[in-house]
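All of these numbers come straight from a predicted model, not from anything done at the bench. The figures here come from the full heavy-atom set of this structure, side chains too, leaving out hydrogens, waters and symmetry mates. In what follows, chains carry the letters A, B, and so on, assigned in the order in which the sequence lines appear, proteins first and then strands, with residues in each chain numbered from 1.
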Amino acid sequence: MNIFDVFTARIATILQSLASRGVVPAGLDLSRVVVEPPRDASHGDLATNAAMALARDAKMNPRQLAELIVPELAKDSEVASVSVAGPGFINLALKPSVFESVLREAVRAGADFGKGAPQALPKVNVEYVSANPTGPMHVGHGRGAVFGDALANLLAFAGRDVTREYYINDAGAQVDVLARSAFLRYREALGEDIGPIPEGLYPGDYLVSVGQALAAGHGAALRHQPEADWLPLVRNVAIDGMMAMIREDLAALGVVHKVFFSERSLQGGGNGGAVGEAIEGLKARGLIYEGRLPPPKGQKDEDWEDRVQTLFRSTEFGDDVDRPLMKSDGGYTYFASDIAYHKSKFDRGFAEMIDIWGADHGGYVKRMQAAVKAVTGGKGALDIKLVQLVKLMRDGEPVKMSKRSGDFVTLREVIDEVGRDAVRFMMLFRKNDATLEFDLAKVVEQSKDNPVFYVQYAHARCASIFRQAAEAMPGADVSARALAEADLTLLTDDSEAALIRLLAQYPRLIEQAASAHEPHRVAFYLYDLAQSFHSLWNKGRDEPQLRFVNHNQPELTQARLSLVQAVRCVLASGLGVIGVSSPAEMR
RNA sequence: GACCCCAUAGCUCAGCAGGAUAGAGCAACAGCCUUCUAAGCUGUGGGUCGCAGGUUCGAAUCCUGCUGGGGUCGCCA
């Protein structure tokens, strides 16, 4: 139950009834009416801007309109008091029974508390990672992976039908370079001394095993073939090897995609395959032409070759310049493939698409959105979330990255050092469009400075309280069902009330984070919740009557355990959404 | 030259689809501390929300222009 939604609906009903009595005009636009927690708890439990938002359309001043709404709200059996404040806010204080029933619901629903009902909205496709299959993942890829995965979890939890997808860039020149690099390792595996890796090839030793696999599978058979003969075969083996490695890296992060979509698969077949088809479709609508582009300004243009090329009219859809689809060697540009790829997503039923990209691809956003508009006739929606750079630190000092390629800090090294939970949590403890400092030393500290520890510890502390209770009161029934029956009117302390209010916001938080495509809000909420819970726990130090477990007051203890259980469930639920584990102890 | 992102307390960052007196952690300062299980705890001080306009009953939030930082800029992906 989302009490904010419940009251938004009730206010709408009140306005309809006022309209039917002719007190206010009919057909007011209620979309701007929001019910939210007031910033200051002394204002009550809920606040709405209804009177202010509707005043102009109703041709009344806000306070006048508020005075019409207030008596209706006051009749509500769950409302304790209503008042008008400031420029026309309507503040509601709710009866304690409302929060008691929220708490009961949280205890009963457990991990499902806050979960959205399946929504009648289009299937949504979240495409993330899509790292080139030419080497291991680095830390920047990891941020995109965690963000995309958490966003997909969040949307699914909010009730959307979500598909997680990975686009394999296996069609460009870079995979031919990969194949040549692997071929060198193959010769090495056959016993040849290959010396230093030539400039322009991938030097990383992660290709050694690919070379060995080729040697084991083909012996010396490929060695003296012309490149044109061995390249496709070696390329496939190398790509498969790289994708296996990437999948292992992703698995270490707990990231699993449902669909792996190959770029190459778009280009096969006659007439240029799916890419050719997509371009033909655009051509039929007059969106393709042969023309020249001006050279980019402020760039060295020595290599600029002014030539006529095949261009897509992306400027008709808000882009800055039209974009080329064919390379000078006659192949398709990456953009051309990407048009066909997004058309494929739409054709597969995804009217809503979300792409997660690194910030270095920011310049590509407009043209892709232009292409999606063109290729779906305006029916497909594409949101592109850019994740900014990750600066790797250790004790406040930047971690030096070697310039020699193949010797950078890999995602796997970081996961192995600090653990999956720390990586996932910290990658989400910042907005996606802000750069992120990731301190390898800080994230493993057992201290309040370390949010990962702080939140997980709150969960462990909940579990610990139950262990304590079992010892103090053996035989007590602390099942979820029993706790949901507890006498919650005994929870009267302000700190307890504050915690319950925070719990009641969880369903709303999920809805809003999901519709804003901002999983970081979940991480920040969990931090707030942990803080509120730890604070209540600490109060019990000085005021023993506030402790959760009081073995001579079983009813009170039972009520407090309900609260602890609800906190535990919401922490576990939120941690689950961002893909972080919920430990029962932190030792 | 153009486009994208960022700018909020000394530092690192939140700020919830414009809403009331802008929040948290760290640091600083003051007090408390043999604990239901562990991170010690509680409190205080500290901000022209980069600058200038605009829209609005109401702007950190939306729009325009500027300043500063980062990123990108045909035939790489």
RNA chain B: 5'-proximal contact among A:Q309 and A:S515 (nearest heavy atom): A:S515
Please determine, for the side chain of A:Q388, which listed nucleotide (B:C5, B:U35, B:G19) has the closest atom? B:C5
What's the gap between B:A9 and B:U48 when it is taken at their C1' atoms, as a whole Å value? 13 Å
I'd like to know if A:R235 and A:D170 make a salt bridge, using a cut-off of under 4.0 Å between side-chain N and carboxylate O. no
Sorted by position of nearest nucleotide on RNA chain B, 5' first, the leading residue of A:Q505 and A:A469 is A:Q505
From B:A39, B:A17, B:C5, nucleotide with atom closest to A:Q512 side chain: B:A17
Using a strict cut-off of less than 4.0 Å between a Lys/Arg side-chain nitrogen and an Asp/Glu carboxylate oxygen, indicate whether A:E165 and A:K345 qualify as a salt bridge. no
Pair A:Y167-A:S262, side-chain donor/acceptor within less than 3.5 Å: no
Taking atom P of B:C57 as reference, at what distance in whole Å does atom CZ of A:R32 sit? 10 Å
Compare the ring of A:H534 with the six-membered ring in the base of B:A39 and state whether they stack (centres under 5.5 Å, planes under 30°). no
Examine the base of B:A77 for any acceptor or donor lying under 3.5 Å from a partner atom in the side chain of A:H361, and report the outcome as yes or no. yes
Using a distance-only criterion (donor-acceptor N/O pair, under 3.5 Å, no hydrogens), is the base of B:A22 paired with the side chain of A:D40? no
Of the candidates B:U42, B:U35, B:G74, the side chain of A:W304 sits closest to B:G74
